[in-house]
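Reviewing the structure listed below.
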Amino acid sequence: MKESGKILTDKDSAALMAAISSTGVFVTCGLDTPNIMVTHWGEIGKMWGRQVFSLPIRSTKYSYKIVKETKSFALNIPAPTRDMRTEISLCDTISGFKVNKFETLNLHPKRARSIDAYVLGECGLIVEYKVIAIIPPESIQKEVPDLFGSPRPHTIFVGEVVDSYKLR
């Protein structure tokens, strides 16, 4: 059954945040050069009258380059009936610069409905976003000293929900 809507329901928002807090969720981006990464943190909210997700990505990640160019990404939340911890764990350890993660992880891409990207056919809930703001790390670090202990800080991509739906 396919359910559709641009607004992310409270129930789906809770499922997304629960997945981020426990195993993480897949982030897919790109059409010509697609990639998958995993995020273990981010934030859902309302900003500028829009439903948004703030996605942190390090500039050293392949997905950073793609999201910055395409100004879009999708969050792919595994269905509650499917255990994808192995795929999430492996996705965290391999580089999209070196391999096609869809093939390597034996995941099946499906064309996203509202953005130029693929989503994961194995996942239950898909949320597609268009980037409406990019917050560079130097903007954050000036205001919050010692926020990042890493020499590779994150850029925050703020994406507005453009579509959300269930594949199963």
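Below, each value reflects all heavy atoms present in this structure, side chains not excepted, and no hydrogens, waters or symmetry copies.
If you chain together ILVMFWY residues whose side-chain heavy atoms come under 4.5 Å of each other, Y62 ends up grouped with I66, F97.
Partners of T33 according to the side chain to side chain donor-acceptor pair (under 3.5 Å) rule, which considers only residues two or more places apart in sequence or in another chain, do not exist here.
Cation-pi geometry between R58 and Y64 is not met at under 6.0 angstrom from the ring centre and within 45 degrees of the axis.
Side-chain contact check for K101 versus C91: some heavy-atom pair is nearer than 4.5 Å. In this structure the side chain of V161 never reaches within 4.5 angstrom of the side chain of R50, judged on heavy atoms. For the pair M37 and I57, the minimum side-chain heavy-atom distance is below 4.5 Å.
No donor-acceptor pair under 3.5 Å is formed between the side chain of N76 and the backbone N or O of I126. For E122 (side chain) and H108 (main-chain N/O), a donor-acceptor pair under 3.5 Å exists by modelled atom type.
Across all their heavy atoms, I77 and A15 have their closest contact at CG2-O, 4.5 Å.
For K130, the NZ atom counts as densely surrounded, since its 6.0 Å shell holds more than 12 non-hydrogen atoms of other residues, nucleotides or ligands. Crowding of K68 atom NZ: a count of heavy atoms from other residues, nucleotides or ligands under 6.0 Å not exceeding 12.
Aromatic ring orientation, Y118 versus F102: perpendicular (interplanar angle above 60°, classes split at 30° and 60°).
Looking only at atom types and distance, the side chain of T70 has no donor-acceptor partner in the side chain of D116 under 3.5 Å away.
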